[in-house]
Amino acid sequence: PWPHPDRSHFQYKKTTQGRDTITVSNVTGRYYYISVYGFKSVTFRLTVTLSGKPTTLLDGVTQNGFVKSGGYQYYRLYQPQSSVTLMLHTFSGEAVMYASTRTTHPSSTDNQLSTAVAGQGKRRGEIQFQRNMICAGCDIYVSVFGSTDSPFSVLASSGGEQATLLLYSQPTNGQVGRQQGSVKYYEFLLDSNDTDVSVVVTTISGAVDLYVGLNAYPTRDSYKYVAAGDSGTYQAVDIDNGEAGTYYAAVLPRPGNLGTSIFFISASADNTMLQSGTPQDGRLSRDGSFFFVHSSTNQDLEISVQPKDGFFSKDLVFSVFVSTTRNKPSASDNDFSATALKQGDVLRIPTVESRSCSQVYAQAETCVLYINVMPASAADSGKAFTIVASSPETIKRLQNRVMSKEAFNGSKWAYYESYVSKAATSYVIELEPCIGETDLYVDYKAKKPTESSSTWRSKRDDALDVVEINENRFFDSSMYIGVNLAAGSHALYKLRGSIVYPDSPLNKTAAPAETLVQVVPQSGGAAKVVWNTKGLGGKDKYHTLYWVPRDFARRMETITYSACGLREGYARYGGVGSSGFSQAFESERTADGFRHATLPKGSFPEGVLYDVNIVAHMEDGTEVAYKVSQFTHPGASAGGGGDSSNKGGGGTLQVVLGISIPLFLICMAAIVYLLVKNRKLTRELEVEMHDVPIRLGGEISTTPITSHVARDKTQKYSRLLSEMDDEDDEKFDEANDFASLPEV
């Protein structure tokens, strides 16, 4: 009824962050009028789709869409002239893409290619049409089927130097090979001056370089902007007060990189979109770093943030604020928040009612949540971080050779995905439990591997689980990883997936030669801790010592202060019923490969049983844990000093396997005493043998020895015999003479 609908007169409207979609049901034969209101100067694309009719795909242009559970959305790419790659990305939920040149409505039963065969030679969410598969003058028809309600994007990209158009705030997937000349181009528009834009590349595997040019394609030698820093996993260009024009971004493989590099690139002038389960890099700012994510109204949402400047280099603390209605949440204006979020922590947002959030699509159970990440300390501004938003059942992407710290919070399973290129020689997955007990399952077909649906698995108790895949026939494919909470109600763990190339081996460290941690009590509740570094190959950078009262840990159902995530040179401990505190210490290395550290007075209260352990941090970022020991300080009677390499030690130090160190030392001392006494007895027998009376015909001959000499020797012989075995001793007592003595 209104040819020019405005903000006051309309039948349908949508005003969410990013893309807006209106679904009109029960369409009748009439004209529909559409208006777009700009809050500021903006470039946009408008698409109208009729149900059941295919939407046109443009080469290099991302097309957004939404599909309800059990429904289809259809697309068409007109007469491509070269090979084509089709990529599907679901922002939440789960969808499958089918493609064909023979039918206009491909389905699960009628298609040429589909993403349903993920892990069997192709990456999940990607279809490749080679040129010989496309007949002359033929179109490619694409359908997206919704396994659940799913917002998604579809991108068709042909070969050559065609630049892919970046939609603001929306990350786009890409890849470049290792060969010289391999490059991927992207473009985005600025239609006015004085606009701030951030271009960020988040690398999933490999290493890349980022260059940006204005109105021209950039190269390594000719560009307007280049990513600062040399991090292989974080590349960013900040364009401040940018000029109007067309900007081109070039992503090239870093010189020396091996294999295919997989990455996500985004250009943002406002909030950046998060794809469920996909890492997104950012940089801390005093004003905040803003994101938004599509979330289903029938699932919880989990948000985790981790530092990018090294796993153990610093304990960064983040403040995270979330809103269901405002795109710039803050400390004073938010619906959910975590003001002290650390690595391994999760901000869980419970199921949000659709009526209380910004819905993305009409009549759809999908909401937009707005996120602000800020440094808890202003001194941390400018530091890089990675944020992941996902539901508990989302398959998360693992960044290659990047240690990820994760936690179970009520669920029993967590799932991950990593693409391994054909050039790899092996793929190594390491799972280290910090708190609780976890098991590792890996498969190349099942997206959510379990014990019954996994090709590889590791289920070691209280130890590092490692799966190493060396068969190249499984590569050029996604590897799916399942982590199971084997025992307890919650767990904290570290996970890393590492792609190994012929010229880039993974440093796999052998276990220490002696894994026992020894604690020597000192006066006043102090203690000296000794451990052996042999077997580490001299590649240990530093060590972390931790200890915690066993009773406190048992009551809390966890070792609150574990070796996972402690800062260099710090020990953490807590008293029973206390929250614990930190204290610095230094360790010294002895010539024979031992290290020792002296902990100050008051560290171990008398009579309290403690768990004690050492973790060696290696040059390549891996950690080697020693065996946990238990120690009880005996109190004021404890001595001090001693050689740092002494393997005995006092107190009641026990290894969890049940071996008692003091008992072992007592047994050794007894054996030594008996050996010494036996040697003395033998020597005396040899010396006195010529004095022994000789038995001749039942009589004792003392010739040529006088009677008193014989009597003295007989008494001495009697004393020596008393130290022999009991049986002979009894015979001597019964005869009361030498008649029944054995011959010597």
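The structure displayed is predicted, hence computed values, not measured ones. What you see below is based on every heavy atom in this structure, not just the backbone, and it leaves out hydrogens, waters and symmetry mates.
Under a 3.5 Å cut-off, the side chain of Thr115 and the backbone N or O of Met97 do form a donor-acceptor pair. Side chain of Ser222 to main chain of Thr219: no donor-acceptor pair is present (N/O by atom type, distance under 3.5 Å, no hydrogens or angles). Remark: side-chain polar atoms of Asn111 are not paired, donor with acceptor, to backbone N or O of Pro106 under 3.5 angstrom. In this structure, the side chain of Asn472 engages the main chain of Ala424 through a donor-acceptor pair within 3.5 Å. A distance-only check finds a donor-acceptor pair linking the side chain of Ser150 to the backbone of Glu94 [under 3.5 Å]. A distance-only check finds no donor-acceptor pair linking the side chain of Asp465 to the backbone of Glu430 [under 3.5 Å]. One N or O on the side chain of Ser182 and one on the backbone of Gly177 form a donor-acceptor pair closer than 3.5 Å. When atom types are taken as modelled, the side chain of Thr425 and the backbone of Val500 share a donor-acceptor pair closer than 3.5 angstrom. A donor-acceptor pair under 3.5 Å is absent between the side-chain atoms of Asp439 and the main chain of Ala486, judged by distance alone.
A salt bridge links Asp238 with Arg283: the distance from a Lys NZ or Arg NE/NH1/NH2 to an Asp or Glu carboxylate oxygen falls below 4.0 Å. Comment: Glu451 engages Lys459 in a salt bridge, judged by a side-chain N to carboxylate O separation of less than 4.0 angstrom. Using a 4.0 Å cut-off between a side-chain N of Lys or Arg and a carboxylate O of Asp or Glu, Glu406 and Lys396 qualify as a salt bridge.
Using a 4.5 Å heavy-atom cutoff, the side chains of Val201 and Thr203 are in contact. Residues Thr278 and Val388 have side chains not in contact (no heavy-atom distance under 4.5 Å, counting atoms from C-beta outward). Inter-residue side-chain proximity for Thr438 and Leu431 is flagged as met; some heavy-atom pair is nearer than 4.5 Å.
Remark: Phe385 engages no residue in a ring pair (Phe, Tyr, Trp, His ring centres under 6.0 Å) (not counting sequence neighbours). Annotation: salt bridge (charged side-chain N to carboxylate O under 4.0 Å, His left out) contacts of Asp209 (sequence neighbours excluded): Arg220, Arg254. Under the ring pair (Phe, Tyr, Trp, His ring centres under 6.0 Å) criterion, Phe291 pairs with no residue, sequence neighbours left out. Listed by chain and number, the residues in a salt bridge (charged side-chain N to carboxylate O under 4.0 Å, His left out) with Lys422 amount to none (sequence neighbours excluded). Listed by chain and residue number, Leu398, Tyr427 satisfy the side chain to side chain contact (heavy atoms under 4.5 Å, CB included) test with Ser418 (two or more places apart in sequence, or in another chain). For Phe263, the ring pair (Phe, Tyr, Trp, His ring centres under 6.0 Å) criterion is met by no residue, not counting sequence neighbours. Checked against side chain to side chain donor-acceptor pair (under 3.5 Å), Thr101 has the following partners two or more places apart in sequence or in another chain: Gln112. Among residues two or more places apart in sequence or in another chain, the side chain to side chain donor-acceptor pair (under 3.5 Å) test is passed with Tyr416 by Tyr493. Under the rule for a side chain to side chain donor-acceptor pair (under 3.5 Å), Thr172 has no partner lying at least two apart in sequence or in another chain. Looking at residues two or more places apart in sequence or on another chain, you find a side chain to side chain contact (heavy atoms under 4.5 Å, CB included) between Tyr223 and Tyr211, Pro218, Val226. Every ring pair (Phe, Tyr, Trp, His ring centres under 6.0 Å) that Tyr441 has, sequence neighbours left out, goes to Trp413. Residues satisfying the side chain to side chain donor-acceptor pair (under 3.5 Å) test with Gln275, not counting sequence neighbours, are none.
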As a quick check of understanding, evaluate ring pair (Phe, Tyr, Trp, His ring centres under 6.0 Å) for Tyr248 and Tyr217, giving each step before the final call. CA-CA 6 Å; Tyr248 295 92; Tyr217 283 86; 4.5 Å; yes
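In this structure, Thr202 OG1 and Ile262 CD1 are separated by 13.5 Å, a value rounded to the nearest 0.5 Å.
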